[in-house]
2 protein chains.
Amino acid sequence: MPKRVDHDLRRREIGEALLRIASTRGLQAASMREVATEAGVSLRLVQYYFHTKQELLLGALAYLGEQLSARVEEHIRALGLPPSPRSLVYGTLTAILPTDPESRRLTRTYAAYYALVLAEPELAADHGTAYPDLLERFLTTQLRTAQQAGQVDPDLDAPTVAAGLLALTNGLGSSVLGGQRDGDAALAILTYHLDRLFAHGTGGMASDNVAA
Amino acid sequence: MPKRVDHDLRRREIGEALLRIASTRGLQAASMREVATEAGVSLRLVQYYFHTKQELLLGALAYLGEQLSARVEEHIRALGLPPSPRSLVYGTLTAILPTDPESRRLTRTYAAYYALVLAEPELAADHGTAYPDLLERFLTTQLRTAQQAGQVDPDLDAPTVAAGLLALTNGLGSSVLGGQRDGDAALAILTYHLDRLFAHGTGGMASDNVAA
DNA sequence: GATTTTGTGATACGACCGTATCATCAAACC
DNA sequence: GGTTTGATGATACGGTCGTATCACAAAATC
């Protein structure tokens, strides 16, 4: 039929329409028809590019993963800081804290998917745990480097502390999304703990934070 | 009509049927009809005791809150420990960590409601933040007491550390529910951080203790 | 130029949803 | 003891859901 169209692009447009709905009204509001309307296409097109709803949900989840990791890398780059372990840890964790509209959007969408996967575990067998694990390993590496450089207490167990930092950040993010505190308050709490962690050996404050 | 029946009891039975569904299959699976079946009553009865679905969701949420706080108190009491600040903090946090079937059920259900509230904020105006706030204040109080007793570094900012501990625990809980690690691993991470926090002046390394 | 493919619209189907209505039957009340 | 009232059953209505089907036009292929 009409001009040959870029399949991957169309799929991405539709998938991101779903993500947009999920971030604002939740995944329950993301019906095929709503996604079609949001993407500005007909219901048939959504069906054409994603044969079934599960395909659509999984496809969009993949796009979300891409956006999330892109956000982390971009955020770290935007900090323009020396790639010290401290800066990398700080940049990574603040990237996934919902402080600005974009990170709020991402974390809200992530939370929506999280709940869906809890209810339907077969939907995303391990697509969910892969990225957190990667993040945790990255943080562990940075902490070990910082320990070797004498910036972090060498007696600390790096994997445990890394897991704790990530859990802390996720928990803070949940509290922000839940309206318990705002992004700045969460950032302050995170910074406080990071400062204490990296205060080893240095006389005092080692904080420089460029929030976005 | 038939024998006068205990309204509150019936409401509770139906509400808890919804919580059971929410914990296993998510809130999306909790239709009026499913709740009726799960509770062993007719659809009409569910409508009778909860005029609308929103009423049912809110009513069940209240029951969940009761179960949650009951679990925390019960858990602390079951520890049978001296009511030292350290024990109280430990007991409180481990109570909300999904380590056994019951706490898994509670946290899963809580997560389901959390996602719902994210999508429909008007559903539970502040019913959601009230309990976390209370928990945080309780932890803050215990930390201050511990500081006065010399068990925790007095230089720490108690409210910030309390918020951090709660966020850490919640984040760990999410990772357990998400299948990233099991309850024992999460408990080990939490214990590690608590041990460091309460290591002040007790012969452990006093150079630097951080909770996060 | 005929034919096959690729992309798109319109519409229909059966299932389930929340909610409403009507009927009924036993206890409570005067 | 008739009547009101509290509790429950059966069933229906309009809407939305995911999915399927039919039609059809423009490009690609031969």
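Note on naming: letters A, B, ... go to the chains in the order of the sequence lines (proteins, then strands), and numbering restarts at 1 for each one. Not measured: the values here are computed from a predicted model.
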Roughly, in whole Å, what's the span from [atom1] in [X] to [atom2] in [N]?
X	N	atom1	atom2	result
A:His7	C:dT5	NE2	P	15 Å
B:Arg10	D:dT8	CZ	C1'	9 Å
A:Tyr48	D:dA23	OH	P	19 Å
A:Glu120	D:dG18	CD	P	13 Å
B:Leu45	C:dA20	CG	C1'	16 Å
B:Arg44	D:dC13	CZ	P	17 Å
A:Gln47	D:dG18	CD	P	10 Å

Legend entry - Residue pair A:Gln67 / A:Arg105, side-chain donor-acceptor N/O under 3.5 Å: yes
Inset, instruction - Keeping to residues at least two apart or across chains, list the salt bridge (charged side-chain N to carboxylate O under 4.0 Å, His left out) pairs with something in residues 132-142 of chain A. - result: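 As it turns out, the salt bridge (charged side-chain N to carboxylate O under 4.0 Å, His left out) pairs with a partner in residues 132-142 of chain A, which skip direct neighbours, are A:Glu136-B:Arg181.
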Inset, instruction - Would you tell me if any nitrogen or oxygen in the side chain of A:Tyr49 comes within less than 4.0 Å of OP1 or OP2 on C:dT8? - result: yes
Inset, instruction - Respond yes when some side-chain nitrogen or oxygen of A:Ser42 is under 4.0 Å from OP1 or OP2 of C:dG9, and no when none is. - result: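 Looking at the OP1 and OP2 atoms of C:dG9, one of them is under 4.0 Å from a side-chain N or O of A:Ser42.
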Legend entry - Presence of salt bridge, A:Glu74 and A:Arg71, under 4.0 angstrom: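 Salt bridge: no.
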Identify each atom pair where a protein N or O and an N or O of nucleotides 13-18 of chain C are less than 3.5 Å apart, giving names and distance.
unit_1: C:dC17; atom_1: OP1; unit_2: B:Ser31; atom_2: OG; d: 3.0
unit_1: C:dG18; atom_1: OP1; unit_2: B:Lys53; atom_2: NZ; d: 2.6
unit_1: C:dG18; atom_1: OP2; unit_2: B:Met32; atom_2: N; d: 2.8
unit_1: C:dG18; atom_1: N7; unit_2: B:Arg33; atom_2: NH1; d: 2.7
unit_1: C:dG18; atom_1: O6; unit_2: B:Arg33; atom_2: NH2; d: 2.8

Inset, instruction - Please say which of B:Glu38, B:Glu13, B:Glu34 ends up in a salt bridge (Lys or Arg N to Asp or Glu O under 4.0 Å) with B:Arg20. - result: B:Glu38
Inset, instruction - With rounding to the nearest 0.5 Å, note down the distance linking CG in A:Asp153 to CG in A:Leu143. - result: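 Here the rounded value is 11.5 Å.
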Legend entry - From B:Arg11 atom CZ to B:Tyr63 atom OH, the distance as rounded to the nearest 0.5 Å: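 Atom-to-atom, B:Arg11:CZ and B:Tyr63:OH are 5.0 Å apart.
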Inset, instruction - Pick base, sugar-phosphate or nothing for A:Phe50, based on heavy-atom distances below 4.0 Å to the nucleic acid. - result: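 The answer is nothing, as A:Phe50 stays clear of every strand by at least 4.0 Å.
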